[in-house]
2 protein chains.
Amino acid sequence: MRTGLDKEKIILRAAELADKKGSSDITMKELADELGIKPPSLYKHFSGGLDELSRELMLCGWRMLDAEITKAVIGKAKDDAVTALCYAYRDFVLKHKGLYEAMQWYDMFQSKEHMKACEGAVDVMYRSLSSYELTNEQKIHTVRLVRAFLQGFSTIEAHTAHDKPVPLDDSFDFALRTILRGIADMQKRSQ
Amino acid sequence: MRTGLDKEKIILRAAELADKKGSSDITMKELADELGIKPPSLYKHFSGGLDELSRELMLCGWRMLDAEITKAVIGKAKDDAVTALCYAYRDFVLKHKGLYEAMQWYDMFQSKEHMKACEGAVDVMYRSLSSYELTNEQKIHTVRLVRAFLQGFSTIEAHTAHDKPVPLDDSFDFALRTILRGIADMQKRSQ
DNA sequence: ATATAATAGCTAATACGATTAGCTTTTGAG
DNA sequence: CTCAAAAGCTAATCGTATTAGCTATTATAT
């Protein structure tokens with residue numbers, strides 16, 4: 001009982017470590033070294049071993065992302081809200097490459113838990129669309145489109161060398177405008 | 001020299017195994033078992049071990065995807081081509097969940113090789129846009145948008161339970177139409 | 001055909017990370 | 001001040017990757 005560690009602190013440390021490595025593949029040994037303890041000691045905090053740690057990392061990541069995008073859309077509506085949310089999401093992924101990878105720790109056995117975890121973040125997306133005049137079904141489609149785009153663009157960007165002839169910023173902006181235009185178009189037609 | 005195996009066959013078998021597991025995390029042991037040989041024997045074909053196997057799997061996957069989408073767009077232009085390409089891409093991912101994961105074996109050390117590998121598939125996307133009247137820069141933005149959307153939508157779909165209230169097919173269709181509308185809009189304005 | 005070199009498999013041995021078992025020290029509650 | 005839980009440690013076990021060295025098969029060159 002010397003180091004003053006607890007589950008929370010360890011997870012945050014693990015997240016940092018993942019981001020430093022740029023990958024979610026962190027080992028008990030690496031994490032223990034990072035914390036100045038021996039690998040077996042980690043089992044006092046995570047009796048479920050690496051699996052439990054991964055799950056916690058995933059949950060922690062979604063909570064953080066949720067917080068970021070929530071903060072970003074406060075006081076904004078419609079296009080402003082969607083735009084802010086998208087930029088915040090992308091920034092998060094670029095800043096947390098390793099953690100974001102851990103957040104993809106989909107299904108297998110824990111599918112429900114994972115879904116609950118992203119739920120918060122996805123819910124923010126839904127709320128951001130609430131100021132538009134869309135049917136529920138349209139909102140669902142739109143959230144899926146936005147989610148897919150963000151997931152795809154950010155991962156590709158995070159894993160690709162940043163020396164493109166055409167800046168990625170411009171492409172992101174372009175894509176975002178395309179999507180917003182699509183939403184506007186939808187509203188026009190449903191009137 | 002009994003089993004008549006060669007690099008090519010082993011890779012294809014590894015791809016099947018990955019898809020069967022729904023994950024790219026296949027071990028030397030699993031693969032050896034699958035092939036009816038002992039793990040050390042694999043090193044006769046892959047002296048670089050698991051790393052080399054992963055790389056080959058990645059390359060193999062991109063070649064396969066390239067072939068699929070190329071086949072899909074033959075004889076088509078504009079919206080028809082893009083639509084066919086998108087559906088083919090999505091089908092591929094859903095059919096090859098494990099292999100597709102292996103294809104994400106980004107950067108680290110081999111970044112250039114990986115880029116070359118996707119290059120073929122990305123090139124098909126560019127060609128599919130050739131029938132539109134777009135500037136080079138616009139094409140680049142568009143390819144990035146399409147790529148991001150496909151990557152994101154497919155991975156999310158591949159990893160999520162298929163029991164949604166609103167069918168994913170409809171959302172895919174909706175998103176695709178939104179993107180095509182965006183392209184049309186762009187052309188209108190640049191005239 | 002036959003000797004020979006490369007091939008492709010095998011077993012045994014090594015290394016390393018995950019995990020478990022059991023011991024010990026610190027710390028918080030009473 | 002005592003005691004139980006908490007949190008760390010070392011030693012031991014297990015499983016997978018990988019290497020080393022052996023052997024049988026196959027292909028090739030004489």
Side-chain angles (χ1 to χ4, degrees), chain A residues 1-60 98-99 101-102 104-105 108-110 113, chain B residues 1-60 98-99 101-102 104-105 108-110 113:
Chain A
M1 296 171 166
R2 206 170 296 146
T3 55
L5 290 171
D6 63 21
K7 212 161 176 163
E8 196 59 20
K9 285 177 192 158
I10 297 178
I11 295 167
L12 289 175
R13 217 60 179 296
E16 283 174 33
L17 185 56
D19 287 334
K20 193 161 58 180
K21 282 189 66 174
S23 154
S24 63
D25 288 329
I26 64 181
T27 67
M28 290 305 237
K29 185 172 164 28
E30 283 172 334
L31 180 55
D33 282 352
E34 184 73 17
L35 294 165
I37 61 177
K38 301 292 174 182
S41 305
L42 283 170
Y43 290 79
K44 291 295 151 100
H45 302 280
F46 301 91
S47 58
L50 214 41
D51 256 28
E52 186 184 352
L53 179 65
S54 304
R55 183 166 40 254
E56 293 293 350
L57 210 51
M58 182 265 287
L59 292 167
C60 165
L99 182 57
E101 199 178 297
Q104 311 306 318
W105 194 72
M108 284 296 154
F109 312 99
Q110 296 59 5
E113 194 170 14
Chain B
M1 297 168 166
R2 206 170 295 144
T3 54
L5 290 170
D6 64 21
K7 212 159 177 166
E8 196 59 20
K9 286 176 191 159
I10 296 177
I11 295 168
L12 289 175
R13 216 61 178 298
E16 282 174 33
L17 185 56
D19 286 335
K20 193 161 60 180
K21 283 189 65 175
S23 153
S24 63
D25 286 330
I26 63 181
T27 67
M28 289 305 236
K29 182 170 164 32
E30 284 171 334
L31 180 54
D33 282 352
E34 185 74 19
L35 295 165
I37 60 177
K38 302 290 174 183
S41 306
L42 283 170
Y43 290 78
K44 291 296 150 104
H45 302 280
F46 300 91
S47 59
L50 214 41
D51 256 28
E52 186 183 351
L53 179 65
S54 304
R55 184 166 40 253
E56 293 292 350
L57 211 51
M58 182 265 287
L59 293 167
C60 166
L99 182 56
E101 199 177 297
Q104 311 306 318
W105 196 72
M108 285 296 155
F109 311 99
Q110 297 59 5
E113 194 169 14

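First the proteins, then the strands, lettered A, B, ... as listed; each starts at 1. All values reported here derive from a predicted model rather than from experimental measurement.
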Participant: Is any side-chain nitrogen or oxygen of B:Thr3 closer than 4.0 Å to OP1 or OP2 of C:dA8?
Facilitator: no
Participant: Hey, is NZ on A:Lys29 packed in by over 12 heavy atoms from elsewhere, all under 6.0 Å?
Facilitator: no
Participant: Can you measure A:Leu31 atom CG to C:dT19 atom P for me and round it to whole angstrom units?
Facilitator: 12 Å
Participant: Rounded to whole Å, please give me the gap between NZ in A:Lys9 and P in D:dA7.
Facilitator: 11 Å
Participant: The side chain of A:Pro40 is closest to which nucleotide in this list: D:dA17, C:dA21, D:dG8?
Facilitator: C:dA21
Participant: Consider the side chain of A:Pro39, meaning its heavy atoms from C-beta on, and name the nucleotide among C:dA8, C:dT19, D:dT16 that approaches it most closely.
Facilitator: C:dT19
Participant: Between C:dG22, C:dT19, D:dT18, spot the one nearest the side chain of B:Leu50, thanks.
Facilitator: D:dT18
Participant: Rounded to the Å, how far apart are B:Phe46 CZ and D:dA17 P?
Facilitator: 14 Å
Participant: Taking donor-acceptor contacts at under 3.5 Å, does the side chain of B:Lys38 reach the base of C:dG9?
Facilitator: no
Participant: Grab the CG-P distance between A:Leu42 and D:dG8 for me, whole Å please.
Facilitator: 8 Å
Participant: Respond yes when some side-chain nitrogen or oxygen of A:His45 is under 4.0 Å from OP1 or OP2 of D:dA6, and no when none is.
Facilitator: no
Participant: Is there side-chain contact between A:His45 and A:Glu56, with at least one heavy-atom pair below 4.5 Å?
Facilitator: no
Participant: How long is the line joining CG of A:Leu53 and P of C:dT19, in whole Å?
Facilitator: 10 Å
Participant: Nearest to the A:Ser41 side chain among D:dC9, C:dA18, C:dC10, which nucleotide is it?
Facilitator: D:dC9
Participant: Got a salt bridge between B:Arg55 and B:Asp51, using NZ or NE/NH1/NH2 to carboxylate O under 4.0 Å?
Facilitator: no
Participant: What is the distance, to the nearest angstrom, from the CG atom on B:Asp33 to the P atom on D:dA17?
Facilitator: 10 Å
Participant: For B:Ile37 and D:dA24, what is the distance between atoms CD1 and C1' respectively, to the nearest whole Å?
Facilitator: 16 Å
Participant: Between C:dT19, C:dG17, D:dA17, which nucleotide has the shortest distance from any of its atoms to the side chain of A:Lys29?
Facilitator: C:dG17
Participant: Under the side chain to side chain contact (heavy atoms under 4.5 Å, CB included) rule, what do B:Leu35 and B:Thr3 come out as? Steps first, then yes or no, please.
Facilitator: CA-CA 9 Å; B:Leu35 295 165; B:Thr3 54; over 6 Å; no
Participant: Nearest-Å distance, OH (B:Tyr43) to P (C:dT14)?
Facilitator: 17 Å
Participant: Flag yes if more than 12 heavy atoms outside B:Lys7 fall under 6.0 Å of its NZ atom; otherwise flag no.
Facilitator: yes
